[in-house]
**Q** 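Have a look at this one.
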Amino acid sequence: MNAKTMEGLVGASRNINLVNTPMRVYNQAKRQGNTGAMERAMDYVYEFSDKAQDYKTKAYEGMKEEAKEAREQARLERERAIQKHREEHEKFEERIEENKETDVVEVSEEGKVLLKDNTTLDNTDIAKTQTNPVKQPVTYTKTGDINPAEQDINISISL
């Protein structure tokens with residue numbers, strides 16, 4: 001709580017409580033018919049009421065300042081959050097850019113020789129791949145051979 005607000009609330013409360021004493025004196029003087037005491041008591045009542053009003057105004061101004069400070073603090077917090085979000089986004093973008101880089105793999109001379117030895121095809125294999133460009137689904141047995149019994153089975157289901 002703002003010091004100005006606190007001072008205003010305490011001062012207003014105290015002066016309102018102080019009004020009770022001159023009001024009691026005013027009522028007693030009224031019963032006795034003492035107009036001089038009544039006037040003096042009412043002067044004190046007005047004085048304390050005016051001071052209470054001044055403190056009330058001070059408390060109101062303090063609350064306005066406190067609200068303004070709270071709005072400014074909230075604005076700063078939002079700006080910090082936005083800045084933090086931007087920085088995180090930039091770091092994320094940098095990580096994405098780093099991951100976009102492709103790795104280059106070079107095959108050694110020994111690897112090239114091994115690749116050439118393992119991929120030599122005889123003429124029959126080349127002829128089969130050129131004449132049968134569309135591959136048909138096949139079923140294999142446990143030993144890895146093509147199962148010829150299931151090659152020509154067609155299943156049709158209608159509902």
Side-chain angles (χ1 to χ4, degrees), residues 1-23 43-159:
M1 184 176 274
N2 191 342
K4 194 172 184 179
T5 304
M6 188 82 106
E7 181 184 351
L9 291 174
V10 170
S13 174
R14 183 173 178 160
N15 280 293
I16 289 297
N17 289 337
L18 287 175
V19 166
N20 292 334
T21 304
M23 282 303 290
D43 286 341
Y44 285 115
V45 168
Y46 291 138
E47 181 182 336
F48 290 136
S49 295
D50 290 342
K51 283 183 182 179
Q53 186 63 34
D54 292 343
Y55 279 113
K56 179 182 172 187
T57 304
K58 192 177 216 179
Y60 179 73
E61 290 171 359
M63 288 190 296
K64 281 175 54 176
E65 288 175 8
E66 191 173 340
K68 184 178 179 181
E69 289 172 6
R71 283 191 302 270
E72 181 65 23
Q73 185 69 23
R75 185 185 63 77
L76 290 174
E77 286 296 321
R78 280 192 308 271
E79 287 178 1
R80 284 188 206 122
I82 290 170
Q83 184 63 28
K84 183 178 177 183
H85 179 72
R86 284 182 184 152
E87 290 172 0
E88 289 174 355
H89 185 70
E90 288 173 3
K91 288 178 184 176
F92 180 71
E93 297 264 336
E94 288 173 4
R95 277 189 260 137
I96 288 174
E97 287 299 319
E98 289 173 2
N99 290 337
K100 281 186 178 178
E101 295 178 12
T102 57
D103 292 333
V104 177
V105 177
E106 293 184 22
V107 180
S108 67
E109 292 299 321
E110 293 173 354
K112 290 178 184 178
V113 170
L114 287 173
L115 181 65
K116 193 179 277 186
D117 290 343
N118 289 334
T119 58
T120 57
L121 298 174
D122 60 1
N123 291 337
T124 58
D125 290 338
I126 294 173
K128 286 180 185 176
T129 57
Q130 289 177 353
T131 58
N132 192 5
V134 179
K135 296 188 178 195
Q136 298 294 326
V138 293
T139 305
Y140 293 96
T141 62
K142 289 182 182 179
T143 59
D145 298 328
I146 297 176
N147 189 355
E150 297 183 14
Q151 294 303 316
D152 294 332
I153 298 174
N154 291 328
I155 298 174
S156 155
I157 298 174
S158 60
L159 299 172

**Q** Is a donor on one side and an acceptor on the other found under 3.5 Å between the side chain of Asp145 and the backbone of Thr141?
**A**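 Side chain of Asp145 to backbone of Thr141, a donor-acceptor pair under 3.5 Å: no, none is there.
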**Q** From Lys112 NZ over to Glu106 CD, what is the distance, rounded to the nearest 0.5 angstrom?
**A**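 Answer rounded to 0.5 Å: 8.5 Å.
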**Q** What is the minimum heavy-atom distance between Lys56 and Ala12, and which atoms define it?
**A**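 Of all heavy-atom pairs spanning Lys56 and Ala12, the closest is N-CB, 4.1 Å.
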**Q** Give the C-alpha distance, both sets of side-chain angles, the deciding distance and a yes or no for side chain to side chain contact (heavy atoms under 4.5 Å, CB included) between Arg71 and Arg75.
**A** CA-CA 6 Å; Arg71 283 191 302 270; Arg75 185 185 63 77; over 6 Å; no
**Q** Are side-chain heavy atoms of Glu79 and Leu76 found at a separation under 4.5 Å?
**A**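 Contact flag for Glu79/Leu76 side chains = yes.
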**Q** Any salt bridge between Glu88 and Lys91, counting N to O under 4.0 Å?
**A**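 Result for this pair is no, no salt bridge flagged.
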**Q** Testing His85, Arg86, Glu93 for side chain to side chain donor-acceptor pair (under 3.5 Å) with His89, which one passes?
**A**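 Testing His89 for a side chain to side chain donor-acceptor pair (under 3.5 Å) against His85, Arg86, Glu93 leaves exactly one candidate, Glu93.
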**Q** Assess the residue pair Lys68 and Glu72 against the criterion (side chain to side chain contact (heavy atoms under 4.5 Å, CB included)); give the C-alpha distance rounded to whole Å, side-chain angles, the decisive distance to 0.1 Å, and a yes or no.
**A** CA-CA 6 Å; Lys68 184 178 179 181; Glu72 181 65 23; 5.8 Å; no
**Q** To the nearest 0.5 Å, tell me how far Ile96 CD1 sits from Phe92 CZ.
**A**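 It comes to 3.5 Å.
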**Q** Taking Glu87 first and then Lys84, would you say they form a salt bridge - that is, a charged N and a carboxylate O separated by under 4.0 Å?
**A**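 Salt bridge between Glu87 and Lys84, a charged N being under 4.0 Å from a carboxylate O: no.
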**Q** Quick check: are there more than 12 heavy atoms from other residues, nucleotides or ligands sitting under 6.0 Å from CZ of Phe48?
**A**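 Check passes, neighbour count above 12.
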**Q** Quick check on Lys4: does its NZ atom have over 12 non-hydrogen neighbours (other residues, nucleotides or ligands) under 6.0 Å away?
**A**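 Counting neighbours around NZ of Lys4, more than 12 heavy atoms of other residues, nucleotides or ligands fall under 6.0 Å, so yes.
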**Q** Check side-chain contact (heavy atoms from CB on, under 4.5 Å) between Glu66 and all other residues, then give those that pass, not counting sequence neighbours.
**A**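 Glu66: side-chain contact (heavy atoms from CB on, under 4.5 Å) contacts with Met1, Asn2, Thr5.
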**Q** With rounding to the nearest 0.5 angstrom, report the CZ to CD distance, Arg78 to Gln73.
**A**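 CD of Gln73 is found 11.0 Å from CZ of Arg78.
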